[in-house]
S.K.: 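Here it is, the structure in full.
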Amino acid sequence: MTDYNHSEIEKKWQKKWEGDRVFETKEQQGKEKYYCLVMLPYPSGNLHMGHVRNYVIGDVFARFHKMKGKNILHPIGWDAFGLPAENAAIKNKIHPAKWTKQNIARMREQLKILGISYDWNREFATCTPEYYRWNQWFFIKMWERGLIFRKRANVNWCPSCNTVLANEQVLKGLCWRCDSRTQQRDLEQWFIKITDYADELLEEHKQLRGWPEQVLSMQKDWIGKSFGMEIEFAVTGTGKKLKIFTTRPDTLFGATFIVVAPEHKIIDEMKSQIANYNEIEKYVIESGGKSNIERSSCKEKNGIRFEGINALNPATGKEIPIFTADYVLADYGAGAIMAVPAHDQRDWEFAKRYNIPVIEVIKSSNSCDGNQSDDKDVSEAEGVLVNSRQFNGIKSSEAFDIISEWVEKQGFGKKTTIFKLKDWLISRRRYWGTPIPMIHCKTCGTVPVPEKDLPVLLPEDTEFTGEGESPLKSSKTFVNVKCPKCGMDAKRETDTMDTFVDSSWYYARYCDNRNDNAVFDSAKVNYWMPVNQYIGGIEHACMHLIYSRFWYKVMRDLCIVKPGEPFENLLTQGMVTLNGSVMSKSKGNIVSPDEIIEKYGADTARLFTLFAAPPQKQLDWSMEGVEGCLRFTNRIWRLFDVVHTKTEITASEKDKNDILKIMHQAIKKVTVDIEKEFKFNTAISSVMELVNALYTYKYHSNDGGTSIEVYKTVILLMVPFTPHLCEEIWEKLGYKEYVSAYPWPAFDENVMKQYSVELPVQINGKLRGKIIVSAEDGEDEVKKIIEKDEKIASQLKGRQIAKFIYVKGKIVTIFVK
Ligand SMILES: [Zn+2]
Ligand SMILES: [Zn+2]
């Protein structure tokens, strides 16, 4: 056989797969389906190693399940709207559409040389009218269902990207894309009422048994459900009431002050009663420049007391001060809290700072000191109620219910549930996104574009200046329109949608991507959905993975998909690093996939990314590791000649059984590791062991075809990892069909058991371990196995063996001095 020429072999098979449409797919009723999906890539123009890892992992699942006989859907497409295209337009005077198209073309070629088994017929880009018209269609459907609303809102603004950011796109006060410090601005915005689904999004976590626990707990925290009460406190001398939210009604008697957010309407409403209004106003303006995250993470909690007015604790009837402080957020609960310094650390620090009384209302059960003291530490432990009048003595664990019932009966509060989850702000003042299909008419108000007029196309005559206003405003052809209701002159909405809209339902469009009459054919979507295996980065735990779960439930309510969850199993792959730090252009520590594939071949690159670390863990790039994988692919290649080498020695039944046993063990290991454990690295190790065994096996041409059978199995087991190499060898072995479509080998537990026995090993009458031997093994072989068994060998070390008894297939008894 000639030398292994990866570039020739890989090109040859990629061409053949495409020509024979090996990976194209359609619905086949009665055949088990398997939908394997990687998260929709952004066409930045260059495939990086993180992508390679993501797609190669997906390809292992898709190829494996195809060989297991399932009907596979394995698509790819492009998350093609978004900022970088628009920034490139401003900087390089190239239209975003053109820039995006070029990038897609380049990345498509890069993906093709990796040999990923995509059905390229399913490909689409979200920036085409064929796709985004359906974003607009969904928008109108949601508007009709009352799930879309518009309001003025204080929003996060990135001065560098010139755009509005959702709360989750601001990380520690910085823009998630460009790391600029964000500002707050008050703008008219569009929202989706995702909060209507908050309970269900939490509740249906139960169905997501195939998701990493970490992702579920991040979502749980993000949705942030808490039970509590809204309680009204009267404001002295005004006849007005102030509503607060608390999760601890059991501590109501210990509430010694109130804190309201700087945005709270009470500040304006009681302007004339607040003696130090000017000072308060100054504080309000200062805190307006801070993001929510900054406000809640700040260590020094400071605030300002309202002079001239107080609140009345409705339980004790005592006057207590009101403060404004920016650690209280306007959009959480009622934007006002009651503070109980004895039992809340943050309230305690605030009370110390401003000299506010601390009243203990829960006596911790292990506290023996009966005296109330201002200096004692804050206690968040359970106990019994004190200083709470008729409730004294009851257990704090029961007090939530008892006191909230009493409060409700008294009529100054009610039980309620609140969520941290906010409605989804989806409008952006950018060009390169889906135009929001609404029209503003002076007479009729806000009117949706009629369905028959969709899509609302992005105009071509737009200026890209990078300045604050929406670029769509500069297009005369776009803005001016007739009102669909009254026919008078009206104006189009010029904001575009957040690109997270595009990726919230793309998985359903893959099932029917060419449909021009409907968003998709529900029968097709219901055949393929849910996605059996979803693969992507953990950074998407809270935005994309919540939005798409939400969108799926909306589609269910529109009766176009069946109930349930969109992604059955989720694998979050680890990062790719070089010398321990994440590969990035700015750090200059990039390993280019193109160069690696050129030099070592796609199969070796694939093998390395799968072998170097389990998929969920960080993968540190190593050229030695790549070289090692290249040696292994060469070993598999040369093995063809080895198994065809003539030999004079005839294999015994035992020789054949030994190698078959290793073969069945390898099949089992690879199958279980891919299917259940996601441990591709150990799967590959077990094939390496099998290859080693085949190299040391001496009877190749003289064993009735056993070694050829084992070699074929090596090739079949390697298909998900190194598909091109396997096709080439398969062809040389005389097969006409593609190995990629060949049935996955089955393992036989009986072969493994029949020829192997587990032997207890006794030393001086005590059981010291167990070894696995072949049923045929004699005393000498058993001795060798014991020498290799670390646990038993360590106990024999330095001691003299007086007697060694092997009862064949039963037990080993050793006596030592
Ligand atoms: Zn930015
Ligand atoms: Zn009108």
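Residue numbers count from 1 along this sequence. Numbering of ligands and ligand atoms starts at 1, following listing order. Keep in mind the model is a prediction, meaning the values are calculated, not measured.
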S.K.: To the nearest 10 degrees, could you say what angle the Zn ion (ligand 2) makes with SG of Cys483 and SG of Cys486?
M.R.: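 That angle is 110°.
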S.K.: Salt-bridged, Lys141 to Glu144, with N to O below 4.0 Å?
M.R.: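 Salt bridge present between Lys141 and Glu144.
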S.K.: Near the Zn ion (ligand 1), which protein N/O/S atoms are found at less than 2.8 Å?
M.R.: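 Listed by chain and number: Cys158 SG, Cys161 SG, Cys175 SG, Cys178 SG.
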S.K.: Looking at Trp222, is Lys422 sitting on its ring face, NZ or CZ under 6.0 Å from the six-membered ring centre and within 45 degrees of the normal?
M.R.: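 Not flagged: Lys422 not positioned over aromatic ring of Trp222.
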S.K.: Does the pair Asp489/Lys442 count as a salt bridge with the N-to-O cut at 4.0 Å?
M.R.: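 Salt bridge: no.
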S.K.: Under 4.5 Å between any side-chain heavy atoms of Ile148 and Ile140, yes or no?
M.R.: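 No - every pair of side-chain heavy atoms lies 4.5 Å or more apart.
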S.K.: Do Phe124 and Trp78 have ring centroids that are under 6.0 Å from one another?
M.R.: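 No, too far apart.
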S.K.: Sequence neighbours left out, what pairs pass salt bridge (Lys or Arg N to Asp or Glu O under 4.0 Å) with at least one residue falling in residues 541-551?
M.R.: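 Only Arg549-Glu565 qualify under salt bridge (Lys or Arg N to Asp or Glu O under 4.0 Å).
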